[in-house]
Number of protein chains: 2
Amino acid sequence: MLDRFEKFLNERGLRLTTQRQLVVRTFLDQEEHLSAEELYLLVKKKAPEIGYTTVYRTLKLLAEADLAHARNFQDGFARFEPAHYMGHHDHLICRKCGSITEFTNEHIEVMQEKVAREHGFKITDHTLDIYGVCRECR
Amino acid sequence: MLDRFEKFLNERGLRLTTQRQLVVRTFLDQEEHLSAEELYLLVKKKAPEIGYTTVYRTLKLLAEADLAHARNFQDGFARFEPAHYMGHHDHLICRKCGSITEFTNEHIEVMQEKVAREHGFKITDHTLDIYGVCRECR
DNA sequence: TCAGAAAATGAAAATCATTTTCATTTGTTC
DNA sequence: GAACAAATGAAAATGATTTTCATTTTCTGA
Ligand SMILES: [Mn+2]
Ligand SMILES: [Mn+2]
Ligand SMILES: [Zn+2]
Ligand SMILES: [Zn+2]
């Protein structure tokens with residue numbers, strides 16, 4: 001993935017710096033839904049001199065490159081995940097422990113298309129977030 | 001709806017003041033997805049001395065009373081809608097003009113239950129937001 | 001009717017995630 | 001190596017929302 005990011009940066013006359021590499025590597029290592037702060041803390045362990053700002057900036061670039069997606073569950077800040085991870089999917093979010101489970105359901109996707117068609121609406125993307133209590137917390 | 005709000009307030013030893021009445025009335029009049037600021041501006045027309053804070057506080061109370069729902073589309077602030085309005089529904093959001101269209105699809109709801117069941121997940125609520133381009137903007 | 005207590009109000013300050021600014025450092029080009 | 005572009009990190013700014021606080025309003029019970 002780093003190579004794709006480098007390509008994206010080059011196309012824009014930007015550079016793949018040591019800091020950016022570190023941020024991206026750390027991000028990709030944790031196939032999770034990390035907030036900027038969580039990622040910052042992880043990166044900081046390896047390179048304490050890194051700035052908060054650089055993490056934010058790198059995440060923004062990744063999102064622009066479409067290599068990361070920003071998600072907004074209901075905890076007041078954005079969470080990011082690698083775009084390649086599992087392809088498109090939706091989420092089950094536990095209100096007790098905060099765990100996030102991913103799922104895909106072709107049936108739902110098809111029905112969404114149908115709904116959109118009926119409204120003359122052209123879909124670009126969507127978010128289906130199901131909140132509740134996970135198996136472990138019940 | 002005002003009566004239900006009053007009941008809720010009374011149960012908590014709170015009061016249905018003139019300001020709260022005005023905010024709630026204005027809110028209910030506009031069966032739309034209003035942001036706090038939009039509502040504030042509408043209320044201000046009728047009562048210029050009203051404070052921003054009161055609008056926020058009233059919306060929060062309405063949400064706690066489950067008479068309003070806060071929605072978070074992707075414009076950086078919360079939008080509210082009366083809870084009774086049309087019952088549960090999901091949204092089609094136009095990325096060009098910002099228009100919001102509501103829909104319900106029983107099939108999708110059922111499939112969500114199925115997905116949840118398969119994961120041992122107990123649903124409390126969910127949000128399905130479909131983004132794209134509306135009929136008028138295509 | 002009045003005093004005291006509780007709740008509400010609005011302005012201003014605080015909060016918190018995120019973005020911007022800016023002085024300095026690093027990398028690239030010629 | 002000089003000149004220029006881009007990147008960095010710290011600190012300040014931003015913007016939506018919440019909190020604080022002094023003041024006002026409302027309610028309760030002599
Ligand atoms: Mn995911
Ligand atoms: Mn709606
Ligand atoms: Zn859980
Ligand atoms: Zn539109």
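Every chain is numbered from 1 and lettered A, B, ... according to where its sequence line falls, protein lines coming before strand lines. All heavy atoms count here, side chains included; hydrogens, waters and symmetry mates do not.
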>> Mind checking if B/Phe77 touches a base, just sugar-phosphate, or nothing, with heavy atoms under 4.0 Å?
In response: sugar-phosphate
> Counting N and O atoms only, with roles assigned by atom type, does the side chain of A/Thr104 sit under 3.5 Å from a partner on the main chain of A/His89, one being a donor and the other an acceptor?
Replying inline: no
Report all interatomic pairs (protein N or O, nucleotide N or O of nucleotides 13-15 of chain C) with separations under 3.5 Å.
none

>> For B/His88 together with B/His126, are the ring centres under 6.0 Å from each other?
In response: yes
> To the nearest angstrom, how far is B/Leu22 atom CG from C/dG10 atom C1'?
Replying inline: 15 Å
> What string of B, S and - do you get for nucleotides 19-30 of chain D, 5' to 3', if B is base contact, S is sugar-phosphate-only contact and - is no contact with any protein heavy atom under 4.0 Å?
Replying inline: BB-----BS---
> At under 4.0 Å between heavy atoms, what does A/Gln19 touch on the DNA or RNA strands: base, sugar-phosphate, or nothing?
Replying inline: sugar-phosphate
>> Please determine whether residues A/Leu41 and A/Tyr52 belong to a single hydrophobic cluster, defined as Ile, Leu, Val, Met, Phe, Trp and Tyr linked transitively by side-chain heavy-atom distances below 4.5 Å.
In response: yes
> Tell me: CG of A/Asn10 to P of C/dT28, nearest whole Å?
Replying inline: 10 Å
> CG of B/Asn72 versus P of D/dA16: gap in Å, rounded?
Replying inline: 13 Å
>> If hydrophobic clusters are built from ILVMFWY residues whose side chains come within less than 4.5 Å, do B/Ile100 and B/Leu34 share one?
In response: no
> Just how far, in rounded Å, is C1' of C/dT26 from CZ of A/Arg20?
Replying inline: 12 Å
> Rounded to whole angstrom units, what separation is found between the OH atom of A/Tyr56 and the P atom of D/dA10?
Replying inline: 15 Å
> Under the side chain to side chain donor-acceptor pair (under 3.5 Å) rule, what pairs show up with a residue in residues 55-71 of chain A, not counting sequence neighbours?
Replying inline: A/Arg12-A/Glu64, A/Arg71-A/Glu81
>> Without decimals, in angstroms, what is the distance between A/Glu6 CD and D/dA7 P?
In response: 13 Å
> Which of residues 39-52 of chain A have a heavy atom under 4.0 Å from DNA chain D?
Replying inline: A/Glu49, A/Ile50, A/Gly51
> Does a donor on one side chain and an acceptor on the other come within less than 3.5 Å for A/Glu102 and A/His33?
Replying inline: yes
>> My understanding is that a hydrophobic cluster links ILVMFWY residues whose side chain heavy atoms are under 4.5 Å apart, including indirect links. Using that, what else belongs to the cluster containing A/Met111?
In response: A/Leu92, A/Phe103, A/Ile108, A/Val115, A/Phe121, A/Ile123, A/Leu128, A/Ile130, B/Leu92, B/Phe103, B/Ile108, B/Met111, B/Val115, B/Phe121, B/Ile123, B/Leu128, B/Ile130
> Counting N and O atoms only, with roles assigned by atom type, does the side chain of A/Asp3 sit under 3.5 Å from a partner on the main chain of A/Met1, one being a donor and the other an acceptor?
Replying inline: yes
> With hydrophobic residues grouped by side-chain heavy-atom distances under 4.5 Å, do B/Val43 and B/Leu67 end up in a single group?
Replying inline: yes
>> Without decimals, in angstroms, what is the distance between A/Leu16 CG and D/dT8 P?
In response: 10 Å
> Between atom CG in A/Leu34 and atom P in C/dA17, what is the gap in whole Å?
Replying inline: 16 Å
> In chain order, what residues pass the ring-ring contact (aromatic ring centres under 6.0 Å, His included) check against A/His119, with sequence neighbours excluded?
Replying inline: none
> Can you tell me if A/Gln30 uses its side chain to pair, donor with acceptor, with the backbone of A/Phe27 under 3.5 Å?
Replying inline: no
